[in-house]
Amino acid sequence: MIMPRPHILECLAILLALGAGAGAAHAQESITKQSIKPKGVVELFTSQGCSSCPPADKALAALAQEGEVVALSYHVDYWNYLGWADTLASKDNTDRQYAYARMFGRSGVYTPQAVLNGREHINGADISGIRSRIGAMPNEGKGLNVPVDVEVKNDELRIRVGPGEGKANIVIAYFERERTIDIDKGENRGKRVNYWHAVTDMETIGMWEGKETNLVLPADMLKKKKKSGGCAVLLQRMRTADTPGAILGATVLTGDKASR
């Protein structure tokens with residue numbers, strides 16, 4: 001379908017709330033929940049109002065559940081005029097897609113679009129193509145070469161970014177783990193679609209300049225709010241102040257992992 005022309009405190013509250021039960025049962029033990037080491041990052045730009053998007057949403061859900069990549073879904077708002085206002089969409093998500101379009105030298109945007117490691121894009125419904133490219137990119141110098149780790153221990157969210165070359169932003173994307181939507185109008189009228197890892201907020205929390213960087217967020221900064229979700233941490237170069245570039249490292253910590 002062709003177009004013609006961050007809240008970190010909430011994330012930390014979620015993860016700690018999900019781990020609170022374990023803390024109560026083992027009051028004398030430290031609680032440590034660690035993130036995954038992914039093969040790559042898949043950012044899907046999608047819309048509930050796009051008839052071409054449900055297969056891509058299904059592909060993203062499969063990738064998220066497999067847990068081998070950081071899988072994020074950004075619902076855009078520019079198809080709302082077709083008769084159904086996407087309930088998960090935001091202008092910030094649309095702005096991120098247009099920022100990628102500038103980086104790719106494109107004059108417009110489309111859905112479903114999957115951006116891989118912040119470096120290239122592909123039809124978001126092409127799950128075999130996505131897997132193939134994610135598997136090949138490390139051999140082409142486009143992989144995740146900088147280790148990024150996150151752990152929840154007691155009342156702290158600890159983020160570690162390993163050493164490497166260059167400079168990049170440390171970004172957190174906060175997402176809903178899963179949401180099922182009944183679509184009553186528009187091109188997908190009558191469909192029930194299951195959405196995974198829908199991004200609701202993003203925030204740059206630090207800078208990385210090639211040296212190991214450690215960030216700790218204290219519990220007294222928490223907002224007491226319970227949701228089922230998670231956070232992804234992206235180490236992303238910036239072409240300009242508002243144009244994203246290559247993702248050098250990433251990890252994800254989801255609600256179910258935090259509660260184990």
Side-chain angles (χ1 to χ4, degrees), residues 6-23 31-46 60-61 63-75 88 90 92-93 96 115 117-118 144 146-162 168-179 195-208 213-236 244 247-260:
H7 198 115
I8 183 57
L9 301 182
E10 292 181 339
C11 178
L12 182 51
I14 292 164
L15 298 176
L16 293 173
L18 289 168
I31 305 168
T32 302
K33 309 299 177 185
Q34 295 182 325
S35 54
I36 70 163
K37 299 188 184 336
K39 295 179 179 179
V41 178
V42 179
E43 298 178 273
L44 174 68
F45 293 91
T46 185
L60 193 283
L63 293 170
Q65 291 173 70
E66 289 167 5
E68 294 186 346
V69 301
V70 174
L72 299 172
S73 178
Y74 299 83
H75 286 245
L88 299 173
S90 71
D92 287 343
N93 290 346
R96 183 166 177 83
V115 176
N117 291 354
L144 304 182
V146 180
V148 178
D149 300 296
V150 180
E151 67 174 1
V152 177
K153 187 170 185 180
N154 293 331
D155 58 356
E156 295 177 338
L157 179 67
R158 302 178 182 182
I159 300 171
R160 173 189 173 274
V161 181
N169 287 357
I170 303 172
V171 180
I172 286 193
Y174 165 61
F175 57 82
E176 288 197 48
R177 178 161 169 73
E178 182 182 5
R179 175 83 75 88
Y195 297 102
W196 279 69
H197 291 196
V199 173
T200 59
D201 199 5
M202 297 190 77
E203 185 175 12
T204 298
I205 60 167
M207 294 292 299
W208 174 83
T213 302
N214 294 277
L215 301 175
V216 177
L217 301 175
D220 60 10
M221 296 173 62
L222 297 179
K223 291 182 177 180
K224 302 298 182 182
K225 189 174 183 181
K226 294 182 180 179
K227 282 187 178 180
S228 177
C231 295
V233 180
L234 309 178
L235 181 66
Q236 186 162 34
I247 295 175
L248 308 180
T251 193
V252 65
L253 190 60
T254 57
D256 66 329
K257 294 184 188 301
S259 62
R260 289 177 185 170

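None of the values given here were measured: they were computed from a predicted structure. The basis for the numbers below is simple: all heavy atoms, side chains too, and nothing from hydrogens, waters or symmetry mates.
- Closest non-hydrogen pair, Thr46 versus Ser73, comes out as CG2-OG, 3.4 Å.
- Contact check for Ile159 versus Ile172: side-chain heavy atoms found under the 4.5 Å cut-off.
- Contact of the Pro38 side chain with the Leu144 side chain is registered, since non-hydrogen atoms from C-beta on lie closer than 4.5 Å.
- For the atom pair CG (Leu234) and CG (Asn117), the distance works out to 10.0 Å, reported to the nearest 0.5 Å.
- Proximity of Leu215 to Ile170: side-chain heavy atoms (C-beta onward) are separated by under 4.5 Å at one or more points.
- Taking each heavy atom of Ala168 and Leu235 in turn, the nearest pair found is CB-CD1, 3.7 Å.
- Other residues, nucleotides and ligands contribute at most 12 non-hydrogen atoms within 6.0 Å of the CZ atom of Arg179.
- Using a 4.5 Å heavy-atom threshold, the side chains of Met207 and Asn169 count as touching.
- Partner of Glu43 under the side chain to side chain contact (heavy atoms under 4.5 Å, CB included) criterion, chosen from Ile247, Leu60, Val70: Ile247.
- In this structure, Gln65 has no side chain to side chain donor-acceptor pair (under 3.5 Å) partners at least two apart in sequence or on a different chain.
- Put simply, the side chain of His197 does not reach to within 4.5 Å of the side chain of Glu176, judged on heavy atoms.
- The main-chain N or O of Arg160 is never found under 3.5 Å from a side-chain atom of Asp149 such that the two would form a donor-acceptor pair.
- With hydrogens and angles ignored, the 3.5 Å screen pairs a side-chain donor or acceptor of Trp208 with a backbone N or O of Gly162.
- Between the OH atom of Tyr74 and the OG1 atom of Thr200 there is a distance of 10.5 Å, given to the nearest 0.5 Å.
- The aromatic rings of His75 and Tyr195 sit perpendicular, their planes meeting at an angle over 60°, well past the 30° parallel limit.
- In terms of the side chain to side chain donor-acceptor pair (under 3.5 Å) criterion, Thr213 has no residue partners (sequence neighbours excluded).
- The shortest heavy-atom contact between Ala232 and Phe175 is N-CE2, 3.8 Å.
- With sequence neighbours left out, Asp92 forms a side chain to side chain contact (heavy atoms under 4.5 Å, CB included) with Ser90, Asp95.
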Quiz prompt | Residue pair Val41, Gln236: steps toward the side-chain contact (heavy atoms from CB on, under 4.5 Å) verdict | solution = CA-CA 11 Å; Val41 178; Gln236 186 162 34; over 6 Å; no
